[in-house]
Amino acid sequence: MPRTAAPLLTSPVPRASDSDRRRTSASVVLRSVLEHGPVARSTIARLTGLSPASVTDYCSRFAELGLIRESAELRRSKGVGRPHLPVDLDDSRFVVGGVHVAVPYTTVALLDLRGQVVARSEVKHAGTEPARVLGRAADALAALLAGSPRSRALGVGFATGGWVDRDSGTVVEHPLLGWREVQVRQVLGARTGLPVHVDGHARALVNAERLFGRARGSRSVLHLFAGNVVDSAFATHDEVHHGPRSQAGSIAHLPVPGGTEPCACGRVGCLQVELSERTLCRLAREAGVVDGVNPMHVVSAAAAGDPVAGRLLRERSRRVGRAVGLLQDVLNPERVVVTEVGAMHRADCLAALREEVGADRAATVSPISFTDSVLAVAGGSVALDVLYRDPLAASPEAI
């Protein structure tokens with residue numbers, strides 16, 4: 001019986017729709033204002049390859065929406081004709097809310113359009129039942145907005161560790177919180193009356209880095225988050241990889257050579273338990289360095305000259321460096337960003353981490369750009385990523 005050829009080579013290649021092209025064009029214009037503002041429209045046209053007429057049209061629409069403004073104080077004139085008025089972000093009108101749920105507490109924040117933290121608060125968990133945690137976060141967010149009456153919220157970004165499905169707005173599984181299939185978007189949306197956008201914190205921070213941090217302009221970025229939860233994210237050409245149901249980046253149970261910590265999965269030496277801040281604090285308690293569960297107390301002890309605290313932090317950073325090296329071998333990113341308490345706050349820990357990575361790749365590795373506000377930025381950047389990807393759909397007009 002004759003075989004029928006598969007129509008792979010004759011199938012038409014999908015083309016971007018007009019709406020996709022408009023969305024992309026709007027995005028690159030607003031991103032150009034973010035990155036280069038105050039900037040002339042003619043410069044935006046040159047940077048983006050769009051026609052001057054298109055750039056002028058988008059800038060007019062953004063100005064009407066209150067996202068950008070003309071910078072009259074930076075007026076440029078060549079002496080003849082209409083003076084050139086550069087445009088810049090208008091970061092005085094709008095904010096986004098940010099909610100990051102960690103294991104011991106929730107961080108709630110307001111961020112402006114430049115990703116700067118305008119206000120924030122921490123809400124300690126009184127139990128981790130999802131409705132209670134999210135309800136208290138919504139109340140704290142309302143209090144922050146009440147304290148900023150001149151700012152209008154465009155939406156809320158939510159981030160946490162574990163398995164988070166961006167498309168459905170669901171925390172599929174967070175073992176340390178005991179959460180399964182929590183409909184975060186639905187719950188927070190009902191409590192706040194605002195659009196809610198949800199993602200994992202490792203991916204959220206990659207988006208923050210490409211928009212506002214040192215990784216801006218990098219063609220590929222790997223991010224390793226080592227807190228109580230350990231996970232990662234990888235972005236190429238400005239797109240963060242999510243995978244089916246946003247499960248990409250789950251590295252908690254990768255084996256660590258020489259690891260000795262027992263994991264809840266039944267194995268020994270999983271990345272999650274070897275690098276967890278819980279493990280760091282337990283070791284510090286056993287050594288008499290601290291008596292609590294806050295890793296910053298270990299950092300403070302090391303800064304005060306405690307040699308055991310310094311050793312524990314360097315050893316942990318070295319293990320993080322080994323994990324980074326393994327991921328670099330697989331993904332070969334242009335830049336690596338690490339969220340890890342030692343490397344963020346101590347030069348010796350960062351040096352130890354880079355030493356494990358290797359001299360040929362050490363310069364590509366840096367700590368997260370938002371050392372003093374990492375969790376606040378993680379939540380808010382989920383909403384800001386949506387704004388900068390599709391500014392007309394996520395604008396005040398659409399709310």
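We're numbering straight along the sequence, starting at 1.
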Hydrophobic side-chain clustering at under 4.5 Å (ILVMFWY, transitive links): who's grouped with V240? Put none if nobody.
V206
Members besides V357 in its Ile/Leu/Val/Met/Phe/Trp/Tyr cluster (side-chain heavy atoms under 4.5 Å)
L222, L224, V230, F234, I251, L254, V256, L271, L275, V320, V324, L327, V330, L331, V336, V338, L353, V365
When you compare the side chain of [Y] with that of [X], does any pair of heavy atoms fall below 4.5 Å?
X: R152; Y: L145; result: no
X: V117; Y: F370; result: no
X: E334; Y: V221; result: no
X: D88; Y: I68; result: no
X: S151; Y: V118; result: no
X: L392; Y: L65; result: yes
X: C270; Y: P255; result: no
X: Q272; Y: V229; result: yes

Flag if over 12 foreign heavy atoms under 6.0 Å of CG, D360
yes
Ignoring hydrogens and angles, tell me if any N or O in the side chain of [X] forms a donor-acceptor pair with the backbone of [Y] under 3.5 Å.
X: E274; Y: T260; result: yes
X: S27; Y: Y388; result: yes
X: R185; Y: R166; result: yes
X: S276; Y: N228; result: yes
X: T43; Y: V39; result: no
X: T170; Y: Q183; result: no
X: S381; Y: A204; result: yes
X: S218; Y: S220; result: no

Could you check whether E340 and S317, counting side-chain N and O atoms only, form a donor-acceptor pair closer than 3.5 Å?
yes
Indicate whether any N or O donor in one side chain lies under 3.5 Å from an N or O acceptor in the other, for S54 and S51.
yes
Check step by step if side chain to side chain contact (heavy atoms under 4.5 Å, CB included) holds for V164 and H174.
CA-CA 8 Å; V164 181; H174 194 309; over 6 Å; no
Might you point out which heavy atoms bring [X] and [Y] nearest each other, and give the distance in Å?
X: G200; Y: A159; result: C-CB, 4.5 Å
X: V123; Y: A140; result: CG2-CB, 3.8 Å
X: V96; Y: L154; result: CG1-CB, 4.3 Å
X: A26; Y: F62; result: O-CZ, 3.5 Å
X: P391; Y: L67; result: O-CD1, 4.4 Å
X: S148; Y: L110; result: OG-CD1, 3.8 Å

Counting only pairs under 3.5 Å, give me each side-chain donor-acceptor contact of residues 297-314, with atom names and distances, residues two or more places apart or in other chains.
unit_1: S300; atom_1: OG; unit_2: M296; atom_2: O; d: 3.0
unit_1: D306; atom_1: OD1; unit_2: V308; atom_2: N; d: 2.9
unit_1: D306; atom_1: OD1; unit_2: A309; atom_2: N; d: 3.2
unit_1: R311; atom_1: NH1; unit_2: E315; atom_2: OE2; d: 3.3
unit_1: R314; atom_1: NH1; unit_2: G310; atom_2: O; d: 3.4
unit_1: R314; atom_1: NH1; unit_2: D348; atom_2: OD2; d: 3.0

So which pairs with a foot in residues 128-146 pass side-chain hydrogen bond (donor to acceptor under 3.5 Å, both in side chains), sequence neighbours left out?
D139-R191
So that I can tick it off, tell me whether [Y] and [X] are bridged by a salt bridge, with the cut-off set at under 4.0 angstrom between side-chain N and carboxylate O.
X: R282; Y: E261; answer: yes
X: R41; Y: E70; answer: yes
X: R69; Y: D91; answer: no
X: D385; Y: R203; answer: no

Can you tell me how far [atom2] of [Y] sits from [atom1] of [X], rounded to the nearest 0.5 angstrom?
X: N332; Y: R361; atom1: CG; atom2: CZ; answer: 8.0 Å
X: R216; Y: S369; atom1: CZ; atom2: OG; answer: 10.0 Å
X: I44; Y: S32; atom1: CD1; atom2: OG; answer: 6.0 Å
X: L205; Y: R210; atom1: CG; atom2: CZ; answer: 12.5 Å
X: D372; Y: M344; atom1: CG; atom2: CE; answer: 7.5 Å
X: T236; Y: H241; atom1: OG1; atom2: NE2; answer: 9.0 Å

Determine whether [X] and [Y] fall in the same hydrophobic cluster, where Ile, Leu, Val, Met, Phe, Trp and Tyr are linked whenever their side-chain heavy atoms lie under 4.5 Å apart.
X: L350; Y: V374; result: no
X: V28; Y: L34; result: yes
X: V386; Y: L141; result: no
X: V172; Y: L176; result: no

Is there a salt bridge (charged side-chain N to carboxylate O under 4.0 Å, His left out) between R31 and D238? Walk through the geometry before answering.
CA-CA 12 Å; R31 286 279 298 275; D238 223 22; 2.9 Å; yes
Stepwise, does the side chain to side chain contact (heavy atoms under 4.5 Å, CB included) test hold for V198 with L188?
CA-CA 10 Å; V198 177; L188 273 183; over 6 Å; no
Would you please test V382 and N207 for side chain to side chain contact (heavy atoms under 4.5 Å, CB included) and show each step?
CA-CA 7 Å; V382 179; N207 287 327; over 6 Å; no
Could you walk me through whether H242 and D199 satisfy the side chain to side chain donor-acceptor pair (under 3.5 Å) test, starting with their C-alpha distance in whole Å, then the side-chain angles of each, then the deciding distance to 0.1 Å, before giving a yes or no?
CA-CA 10 Å; H242 282 76; D199 210 344; 3.2 Å; yes
Could you pull out all residues at least two apart from D57 that satisfy side-chain contact (heavy atoms from CB on, under 4.5 Å)?
R61
Walk me through it: do R214 and E209 pass the test salt bridge (charged side-chain N to carboxylate O under 4.0 Å, His left out)?
CA-CA 6 Å; R214 287 186 289 265; E209 281 286 341; 5.4 Å; no
So the ring-ring contact (aromatic ring centres under 6.0 Å, His included) pairs with at least one residue in residues 200-231 (sequence neighbours excluded) are H100-H201, H201-F225
Might you work through the side chain to side chain contact (heavy atoms under 4.5 Å, CB included) test for H125 and V133, ending with a clear yes or no?
CA-CA 7 Å; H125 292 165; V133 171; 4.0 Å; yes
